[in-house]
Amino acid sequence: MTAPVITMGDGRTTMRRNFWHGVWRVLKRKPSRMAGMVIILGFAFMGVFGPLFYPDPLPRDTANLYAAPSWEHLFGTDFEGTDVLALVVTGSSYVLLSAVITAIITVVLGTGIGLFAGFRRGRWDTVLMRITDMKLTIPGLPLLLVLSTIWKFGSAIEMGLVLGLLGWGGVARAVRSQTLSLRERGFIEAARGLGLSTTHIIGRELLPSMAPFIAMNMLIAVTGAVYAQVGLFFLGVLPFEANNWGVMLNLAVFGGGAMSSPAALPYLAAPLLAILLLTLGIVLAVDAMDEIFNPRLREE
């Protein structure tokens, strides 16, 4: 009787299946985690497909300004008679796309630089960390003020690119610290002893060990990017070239008198509710990811 031969492809398929089975088990263990994933998927659907359900530009009902919430307008209308829910949905594309781009740039740059500097050490570590320190000293707000004079930030990609290039420094420092602790472990010493290349050790040994840390930084970067861009538009630092939640908050407070007029409160509350709900979803998802990637936290 011969033992069954397991190929490398079959082994990877089995590992992948076991991983997703573990993910599902961790998620369904706590309803709050499932709720977090549903919220994130809901916002992703809203950002990608939501604007397709509304005409461009959005219709205005000038005879129905600041209408109270109703079945026809769940969050009422704004000072131009535009449906507030439609503004939130169509404005989510800019906010979410720029946040995702920011998170990708932040994590890719920060992780790549931190991993390489921490593993190679020596002059590479010195040079890359001095660049990181210089980046951390650049004041983001004044730089954005200067850039806003020549850049209108009408595209979510532009906003995500700028925020991402301004935000990778902290991740690089944190990843470097994690790498310095991992590079002394036995499996890394063994890989070096076998003469494996730096690319192989970083990509196949160090990077998987840091997956949970990187994934959580990715989600945290999303929330940070949402807060940053909404805050900048709310303060009026950036020109209003696109519809997004920050512009809605600015117009509700400084143009619509939401702080003094109860009629304008739904116009202010709708984007705030969207931001709070998105943050809640990400916090609940981070809780699940912590257990997915850390076997020590898994409950029996």
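Given the structure is predicted, the values throughout are model-derived calculations rather than measurements.
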Do Ser92 and Phe43 come close enough that some side-chain heavy atom pair is under 4.5 Å?
no
Would you mind reporting whether Asp125 and Arg176 have side-chain heavy atoms less than 4.5 Å apart?
yes
Closest approach of Gly91 and Trp245, non-hydrogen atoms and distance?
C-NE1, 3.9 Å
Correct closest heavy-atom pair for Ala99 and Val222 would be CB-O, 3.8 Å
What pair of heavy atoms forms the shortest contact from Ala117 to Met129, and how long is it?
CB-CE, 3.9 Å
4.5 Å side-chain heavy-atom contact, Leu87 and Asp83
no
Classify the angle between the aromatic ring planes of Phe53 and Phe45 as parallel (below 30°), tilted (30 to 60°) or perpendicular (above 60°).
tilted
Could you check if a side-chain atom of Met248 sits within less than 4.5 angstrom of a side-chain atom of Val88, using non-hydrogen atoms only?
yes
Check for me, please, whether Val247 and Leu58 land in the same ILVMFWY cluster - side-chain distances under 4.5 Å, paths through other members count.
yes
Given 3.5 Å as the limit, does a donor-acceptor pair link the side chain of Thr179 with the main chain of Val175, or not?
yes
Between atom CZ of Phe234 and atom CZ of Phe254, what is the distance when rounded to the nearest 0.5 Å?
4.0 Å
Rounded to the nearest 0.5 Å, how far apart are CG of Leu284 and OG1 of Thr279?
10.5 Å
Counting N and O atoms only, with roles assigned by atom type, does the side chain of Gln229 sit under 3.5 Å from a partner on the main chain of Val95, one being a donor and the other an acceptor?
yes
Begin from the C-alpha positions of Ile104 and Met218 and carry the test side-chain contact (heavy atoms from CB on, under 4.5 Å) through to its verdict.
CA-CA 7 Å; Ile104 291 173; Met218 185 99 176; 3.5 Å; yes
What do you reckon, is CD1 of Ile157 surrounded by more than 12 foreign heavy atoms closer than 6.0 Å?
no
Side chains of Arg121 and Thr126, heavy atoms from C-beta outward: is any pair under 4.5 Å?
no
Pairs in or reaching into residues 131-142: which pass side-chain hydrogen bond (donor to acceptor under 3.5 Å, both in side chains), with residues at least two apart or in two chains?
Arg130-Asp133, Asp133-Arg173
Would you say His73 and Ser70 make side-chain contact, with heavy atoms under 4.5 Å?
yes
First locate atom CG of Leu278, then atom CE of Met46, and finally report the distance between them rounded to the nearest 0.5 Å.
8.0 Å
Between the side chain of Trp168 and the main-chain N/O of Leu165, is any donor-acceptor distance below 3.5 Å?
yes
If you compare all heavy atoms of Ile201 against all heavy atoms of Ala191, which two are closest, and at what distance to 0.1 Å?
CG1-CB, 3.9 Å
Within this structure, what is the OG1-CG distance for the pair Thr90 and Asp56, rounded to the nearest 0.5 Å?
8.5 Å
The reported gap from CD1 in Ile105 to CG in Leu163 (rounded to nearest 0.5 angstrom) is 9.0 Å
Would you say that Asn243 contacts Tyr94 through its side chain, given a criterion of any heavy-atom pair below 4.5 Å between the two side chains?
no
Work out which heavy atom in Val84 is nearest to a heavy atom in Ala270; give both atom names and the distance.
CG1-CB, 3.5 Å
Single-linkage hydrophobic cluster, 4.5 Å side-chain cutoff, Val253 and Leu65 together
no
Kindly work out whether a path of hydrophobic side-chain contacts (I/L/V/M/F/W/Y, heavy atoms less than 4.5 Å apart) joins Leu276 to Leu249.
no
Report yes or no: do Val48 and Leu52 belong to one cluster of Ile/Leu/Val/Met/Phe/Trp/Tyr joined by side chain heavy-atom distances under 4.5 Å?
yes
Just by distance, do the side chain of Thr77 and the backbone of Ala67 share a donor-acceptor pair under 3.5 Å?
yes
Treat each ILVMFWY residue as a node, draw an edge where side-chain heavy atoms are under 4.5 Å apart, and state whether Ile113 and Ile220 are in one component.
no
Pairwise side-chain contact, Trp124 with Phe119, heavy-atom cut-off 4.5 Å (strictly under):
no
Look up atom CG in Leu265 and atom OH in Tyr66, then write down how far apart they are to the nearest 0.5 Å.
10.0 Å
For a quick test of reading the model, state the closest non-hydrogen atom pair linking Ala156 to Leu97 and the distance between them.
CB-CD2, 3.9 Å
Is there a donor-acceptor contact under 3.5 Å from the side chain of Thr102 to the main chain of Gly160?
yes
When you look at CZ of Phe49, are more than 12 heavy atoms from neighbouring residues, nucleotides or ligands closer to it than 6.0 Å?
no
